[in-house]
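See below for the structure under consideration.
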Amino acid sequence: SQTIHQWPATLVQPVGSPLSLECTVEGTSNPNLYWYRQAAGRGLQLLFYSVGIGQISSEVPQNLSASRPQDRQFILSSKKLLLSDSGFYLCAWLRQGITGELFFGEGSRLTVL
Amino acid sequence: GDSVTQMEGPVTLSEEAFLTINCTYTATGYPSLFWYVQYPGEGLQLLLKATKADDKGSNKGFEATYRKETTSFHLEKGSVQVSDSAVYFCALSTTDSWGKLQFGAGTQVVVTP
C-alpha cells in the first residue's frame with residue numbers, strides 16, 4: 001500500500017533562518033506531488049506541484065522554493081524565513097485515475113518567531 | 001476560475017444531532033467533488049467523493065450528492081458523534097487540473113456530549 005510521510009512534524013524557527021521540509025512517498029512510482037499551506041484559520045493554498053524529477057511548478061510567488069531530487073521525494077525550502085511563512089504545510093500525492101483524489105501526509109507545523 | 005464556497009463555522013451540535021454543511025462550486029469543466037476531513041493536529045483525509053452528476057458519495061455515515069443543477073455538494077450526517085468534531089473541507093478538481101484541488105475555506109464542526 002502507498003504511504004506518505006513528512007518531517008519534521010513541528011518546527012520553530014527564527015526570522016531569517018533557512019527551512020527544509022521533506023516529504024517521501026512509498027509504494028508508488030512517478031507520483032504527482034504537491035505542497036499545500038494552511039495558514040491559521042484559513043483554507044488550503046497550493047504552493048508547488050511536481051509531475052516528475054526536477055520538474056516544479058509554482059502556483060504563487062513567495063519566499064519558498066521546492067525541489068524534487070528523487071522520484072518519491074519532495075522538498076520545500078526557504079533561504080530566509082519570514083513571519084508570514086508560519087503555517088501548517090501539507091504534502092500530498094495524486095492517486096491517478098478518473099477521480100484524481102489526493103492523499104495527504106501528516107503535515108508539518110512551522111512557527112516563525 | 002474554479003472556486004468552492006462552503007458555509008462558515010464553527011458549527012456546534014449536540015451528540016446525535018443532524019449535520020449539514022453546505023458547499024457550492026463554480027467550475028468551467030466537469031469537476032470531481034470531494035469532502036476532506038481534518039482532525040485536530042493532523043493532515044487531511046479523504047472522506048468521500050463523487051465524480052459525476054447525481055453521484056452520491058458516502059462514508060462513515062456521511063453522505064453528499066453531486067447536484068449539477070444547483071452546483072452543490074452538501075455534506076450530511078444523520079447522527080453525529082463527539083468523534084466527528086473536526087474541520088471539513090469541500091474541494092473540486094477538473095480534468096485539466098488533476099491534483100490541483102480547489103478547496104473551500106473549511107468548516108469547523110464541534111460536537112458536544
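So that the names make sense, note that chain A is the first sequence line, chain B the second, and so on, each numbered from 1. Given the structure is predicted, the values throughout are model-derived calculations rather than measurements.
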Completion exercise
Value for OH (B/Tyr25) from OH (B/Tyr66), rounded to nearest 0.5 Å, stands at 4.0 Å

Practice task
Calculate, to the nearest 0.5 Å, the distance between atoms CG and CG belonging to B/Leu75 and B/Leu33 respectively.
Solution key: 12.0 Å

Practice task
Go through the atoms of B/Leu44 and report whether side chain, backbone, both or neither lie under 4.5 Å from a heavy atom of chain A.
Solution key: both

Fill in the blank from the handout: With B/Tyr88 as partner, the option from B/Phe62, B/Tyr36, B/Phe34 fulfilling ring-ring contact (aromatic ring centres under 6.0 Å, His included) is B/Phe62

Fill in the blank from the handout: Filtered by a 4.5 Å non-hydrogen cutoff, the part of residues 105-113 of chain A contacting chain B is A/Gly105, A/Glu106

Practice task
State, yes or no, whether a side-chain contact exists between A/Trp93 and A/Arg72 at a heavy-atom distance under 4.5 Å.
Solution key: no

Practice task
Indicate if A/Leu33 and A/Leu102 have the same hydrophobic cluster label, given that clusters are the connected sets of ILVMFWY residues with side-chain heavy-atom separations under 4.5 angstrom.
Solution key: no

Exercise for the section: Quick one: sort the B/Trp35 and B/Phe73 rings into parallel, tilted or perpendicular, breaks at 30° and 60°. Expected result: parallel

Practice task
Could you look at B/Gln102 and say if it's the side chain, the backbone, both or neither that has a heavy atom under 4.5 Å from chain A?
Solution key: neither

Handout entry: A/Glu59, part contacting chain B, at a heavy-atom distance under 4.5 Å
Key = side chain

Exercise for the section: Give the cluster check for A/Tyr36 versus A/Trp7: same hydrophobic cluster or not, with ILVMFWY residues linked at side-chain heavy-atom distances below 4.5 Å. Expected result: no

Problem - Interface residue of largest heavy-atom contact number with chain A, from B/Gly43, B/Ala50, B/Gly106, under 4.5 Å - result: B/Gly43

Handout entry: Check: A/Gln13 side chain, A/Pro18 main-chain N or O, donor-acceptor pair, under 3.5 Å
Key = yes

